[in-house]
S.K.: 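Can you keep this structure in mind? I'll have questions shortly.
Worth saying up front: this structure is predicted, and the values here are computed from it rather than measured. Scope of the values below: all heavy atoms of this structure, side chains included, with no hydrogens, waters or symmetry mates. Starting from 1, each residue takes its place in the sequence as its number.
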Amino acid sequence: MGSVILSDLLTEIIIPTSAVIGIAFAVFQWMLVSKVKVAPGSTTDNNNNTNKNKNGFSDYLIEEEEGINDHSVVAKCAEIQTAISEGATSFLFTEYQYVGVFMAIFAILIFVFLGSVEGFSMKPKACTFDVTKTCKPALATAGFSTLSFILGAITSVVSGFLGMKIATYANARTTLEARKGVGKAFIVAFRSGAVMGFLLAASGLLVLYITINAFKLYYGDDWEGLFESITGYGLGGSSMALFGRVGGGIYTKAADVGADLVGKVERNIPEDDPRNPAVIADNVGDNVGDIAGMGSDLFGSYAESSCAALVVASISSFGINHEFTAMLYPLLISSVGLIVCLITTLFATDFFEIKEVKEIEPALKNQLIISTILMTLGIALVSWIALPSSFTIFDFGIQKVVKNWQLFLCVAVGLWAGLIIGFVTEYYTSNAYSPVQDVADSCRTGAATNVIFGLALGYKSVIIPIFAIAVSIFVSFSFAAMYGVAVAALGMLSTIATGLAIDAYGPISDNAGGIAEMAGMSHRIRERTDALDAAGNTTAAIGKGFAIGSAALVSLALFGAFVSRANIKSVDVLTPKAFIGLLVGAMLPYWFSAMTMKSVGSAALKMVEEVRRQFNTIPGLMEGTAKPDYATCVKISTDASIKEMIPPGALVMLTPLIVGILFGVDTLSGVLAGSLVSGVQVAISASNTGGAWDNAKKYIEAGASEHARTLGPKGSDAHKAAVIGDTVGDPLKDTSGPSLNILIKLMAVESLVFAPFFATHGATPKSIVVPPPTLRHELAEKIFFTTVI
């Protein structure tokens, strides 16, 4: 059906080289950030006049260099940074000890369950999709799936941990650079985010590439078994991401809610005031939840979308004919994405300079636009040189003929759908637009109307993203079946390095503001960091939108791979087992959200009581003459998050195993479809509701417009109502919402990994009505569109 232009040798050079370039770029950005010295007497720019000439004199947030020689402030910043870093490191090590036990137990389960498919036999078996060929024994697949699971888990953990260390390294440096202007601080915060983004994207690609080539030494021509065992890589990544997101989310929101309710509402002190006992725990939480958890989450999405595409491709013409370059098309897309993101990053850090506060948010949005445009060209190039002009893709039992330009459109539609979701999310969560301003205005009549308006905004914000996801599914499935859906998800994640840089920028800026407040720096420095943080809140919401949108496509692709691997001929919702599974699956996101929300509430209750106790019993605390007991609040958040992350994690991990074993693959397919449809809606709504409440509060606090000034200042009744709304929204946007996208992905990839076991040993219906072969494809396609979309 045609040969490819790109040779296998060049493919084997391009992929690892791109990954190494990405890692090298991350190291280079880290070296630039490290030039800002967190030590008394060190500055990074002695040529102050040059800086002033560059930035202009129109805005004091930009021009004024303040407190450059104040060594006590620098020392205080270093002390606070150390406390935050030590707190985050201590929590993650504690979390990883518990997660390590889980990883060991689950690895044993994978090996035992998959090994038992053929009775732990080491004899070669007939291939699942081509019985005329011989494949490696099931026990080998069990062993390699277990190994890839461990590799994915370790890569996810390392990604999250490195992200946290980078963020805690950069927060005080961003604060110190804010003395020279918001432009300088922006560069430090964004470069630090880029370090995390490129390290994670490049290391994920490199480890996956090395794993494939290492496994290939054993599997040889058995690509079906090879890429089936690779799916464990995605399972390991998402398993760790679940605990990271849930545990980190509970930690950060328990501290945040406790600090806000007592500090802002009851004691009327500023955010991040050093007198607040929960302030260190709050800043630690930004790093373990929004940085480490988010990093592991997006790594999991990348790993799973790659694995889903590879599994389907292995039983298509790419795998059947052993076309190595075409087989690694998903990895080539990611490789080009790294180079595109590198060029895009230079637009923010080198090609253009931030000269006014109002330029910060557009600069971050331009990163998304530029990367999307360049990536579209990159996808076209890769599709032209790495794919045959026509090929076949496995599609519910038949081989569907696909053209290379059709696959290009599949990836491109996912990429542009991600941009649309990002901009819609921004519209509903940025205080520059009317939806958030309406929520802020509703605070005039109290917290109740604020909550009502916020919930309505969240529900409404679901509409356009769902249509964008639906259109991308329709186009990609029509052109290339489930493989098209998988590469559409990969398209949405192809600019993951830029997305992570933008996402990590927010928590770093938030921490920088907290350090400025705790170090006693002037209100003008705090205004500069607040300007950075306000843009960061919106970009964080955009990042969550990307994560949820890609999770929908990834989980659908994994669902399709599971249906194929479990040899399910059709998913008929009119059968009792499938319909029951659909109902139960749709319920799971609500059960999961209830568990995580209550966990945050329980931990926050303890935090509020402790903060109140300290304010009431420590003499001189409110006057600033006595220091609060930060360590006790850190311990409350740590203990609560470790304890409370286990039940939600168990719910997600055990559900596919219990359903698959006791009720069979038909019921499990219904559970997966139900959780996908329900989870995406709840996740988008929760994340956008919380983001809107947060920015409504900041809109009032900033007082940047006449309307905002009528609602303020800080401490007014409207502001207190906004703080309550923000507090209610905290667990929605930072715990339940982001964790739900892991729920739908993780259940799907776990089902795929255990599919051989479920198909062999799981419960089966008493009678299965299989449609005639001539109608099978038509029926499968009809059911797919009527039940999933």
Side-chain angles (χ1 to χ4, degrees), residues 1 3-4 6-9 11-12 15 114 117-118 123-149 151-152 205 207-235 303-334 386-388 391-395 397-400 402 407 480-484 486-487 490 557-558 560-562 564-567 749 752-753 755-756:
M1 293 188 179
S3 59
V4 297
L6 187 66
S7 68
D8 290 353
L9 177 61
T11 299
E12 295 197 53
I15 295 173
L114 295 185
V117 170
E118 297 286 337
K123 294 179 180 179
K125 60 172 184 173
C127 295
T128 304
F129 296 96
D130 187 354
V131 293
T132 62
K133 293 183 178 180
T134 303
C135 289
K136 298 294 183 182
L139 190 61
T141 301
F144 282 103
S145 294
T146 303
L147 180 57
S148 62
F149 167 78
L151 284 172
L205 173 63
V207 172
L208 180 57
Y209 175 77
I210 292 172
T211 303
I212 290 171
N213 279 278
F215 285 14
K216 193 166 175 281
L217 295 175
Y218 171 77
Y219 277 98
D221 290 338
D222 178 14
W223 285 17
E224 179 187 313
L226 166 63
F227 291 103
E228 183 178 315
S229 64
I230 289 292
T231 56
Y233 185 72
L235 176 60
E304 286 162 332
S305 60
S306 300
C307 290
L310 291 169
V311 166
V312 178
S314 69
I315 53 178
S316 303
S317 64
F318 299 156
I320 295 169
N321 301 327
H322 297 96
E323 299 170 358
F324 188 72
T325 295
M327 187 72 207
L328 295 189
Y329 176 73
L331 274 66
L332 286 168
I333 291 291
S334 301
L387 295 174
F391 44 90
T392 63
I393 294 295
F394 184 84
D395 181 16
I398 67 167
Q399 292 289 339
K400 178 184 177 72
V402 180
L407 208 55
M482 281 300 179
Y483 186 74
V487 294
L490 205 62
L558 291 166
F562 162 74
S564 299
R565 185 62 189 85
N567 202 25
V749 73
L752 173 59
V753 169

S.K.: To the nearest 0.5 Å, how far apart are CZ in Phe149 and CG in Leu114?
M.R.: 11.5 Å
S.K.: To the nearest 0.5 Å, tell me how far Leu310 CG sits from Phe227 CZ.
M.R.: 5.5 Å
S.K.: So, the side chain of Ser317 versus the backbone of Thr392: is there a donor-acceptor pair under 3.5 Å, distance only?
M.R.: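 Present.
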S.K.: Minimum heavy-atom separation for Gly234 and Ala303, please, with both atom names.
M.R.: CA-CB, 3.9 Å
S.K.: List the atom of Phe318, the atom of Trp223, and the distance in Å for their closest heavy-atom pair.
M.R.: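 Looks like O-CZ3, 3.7 Å.
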S.K.: Using the side chain to side chain contact (heavy atoms under 4.5 Å, CB included) rule, take Ile320 and Ile315 through it: C-alpha gap first, then chi angles, then the decisive distance, then the call.
M.R.: CA-CA 6 Å; Ile320 295 169; Ile315 53 178; 5.9 Å; no
S.K.: Once rounded to the nearest 0.5 Å, what's the spacing between atom CD1 of Ile15 and atom CD1 of Ile210?
M.R.: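 CD1 of Ile210 is found 11.5 Å from CD1 of Ile15.
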S.K.: Evaluate the side-chain proximity of Ile393 to Gln399: yes if any heavy-atom separation is below 4.5 Å, no if none is.
M.R.: no
S.K.: As an exercise, state the distance from CZ of Arg565 to CD of Glu224, rounded to the nearest 0.5 Å.
M.R.: 6.5 Å
S.K.: Do side-chain atoms of Ser148 reach the backbone of Ser229 as a donor and acceptor pair under 3.5 angstrom?
M.R.: yes
S.K.: In Å, rounded to the nearest 0.5 Å, how long is the span from CG of Leu217 to CG of Leu226?
M.R.: 10.0 Å
S.K.: Identify the heavy atoms of Val487 and Gly484 that sit nearest to each other, and give their distance.
M.R.: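 Of all heavy-atom pairs spanning Val487 and Gly484, the closest is CG2-O, 3.3 Å.
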S.K.: Quick check: do Phe324 and Lys216 have side-chain heavy atoms less than 4.5 Å from each other?
M.R.: yes
S.K.: Is there a side-chain contact between Leu332 and Thr325 in this structure, where contact means two heavy atoms from C-beta onward sitting under 4.5 Å apart?
M.R.: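 Side-chain contact under 4.5 Å: yes.
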S.K.: Tell me, do Ser306 and Leu208 make a side-chain contact under 4.5 Å, heavy atoms counted?
M.R.: yes
S.K.: Under the side chain to side chain contact (heavy atoms under 4.5 Å, CB included) rule, what do Phe391 and Ser316 come out as? Steps first, then yes or no, please.
M.R.: CA-CA 8 Å; Phe391 44 90; Ser316 303; over 6 Å; no
S.K.: With a 4.5 Å cut-off on side-chain heavy atoms, are Asp395 and Tyr483 touching?
M.R.: no
S.K.: Counting distance only, does the side-chain N/O of Asp222 pair as donor-acceptor with the main-chain N or O of Gly225 below 3.5 Å?
M.R.: yes
S.K.: Honestly, is Lys136 close enough over Tyr218, meaning NZ or CZ under 6.0 Å from the six-membered ring centre and within 45° of the axis?
M.R.: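 Yes, Lys136 sits over the ring of Tyr218.
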S.K.: For the residue pair Pro388 and Val4, what are the closest heavy atoms and their distance?
M.R.: N-CG1, 3.4 Å
S.K.: For the residue pair Met327 and Ser314, what are the closest heavy atoms and their distance?
M.R.: CE-N, 3.4 Å
S.K.: Which atom names give the shortest non-hydrogen contact between Cys307 and Ile230, and what distance separates them?
M.R.: SG-O, 3.4 Å
S.K.: When you measure from the side chain of Thr231 to the backbone N and O of Glu228, does any donor-acceptor pair fall under 3.5 Å?
M.R.: yes
S.K.: Pair Tyr233, Val207 - check side chain to side chain contact (heavy atoms under 4.5 Å, CB included), show working.
M.R.: CA-CA 10 Å; Tyr233 185 72; Val207 172; 3.5 Å; yes
S.K.: Quick one: which of Ile212, Thr211, Asn213 gives a side-chain contact (heavy atoms from CB on, under 4.5 Å) with Tyr209?
M.R.: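 So, applying the side-chain contact (heavy atoms from CB on, under 4.5 Å) to Tyr209 and each of Ile212, Thr211, Asn213, only Asn213 qualifies.
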S.K.: Measure the CE-CG distance between Met482 and Leu558 for me, rounded to the nearest 0.5 Å.
M.R.: 10.0 Å
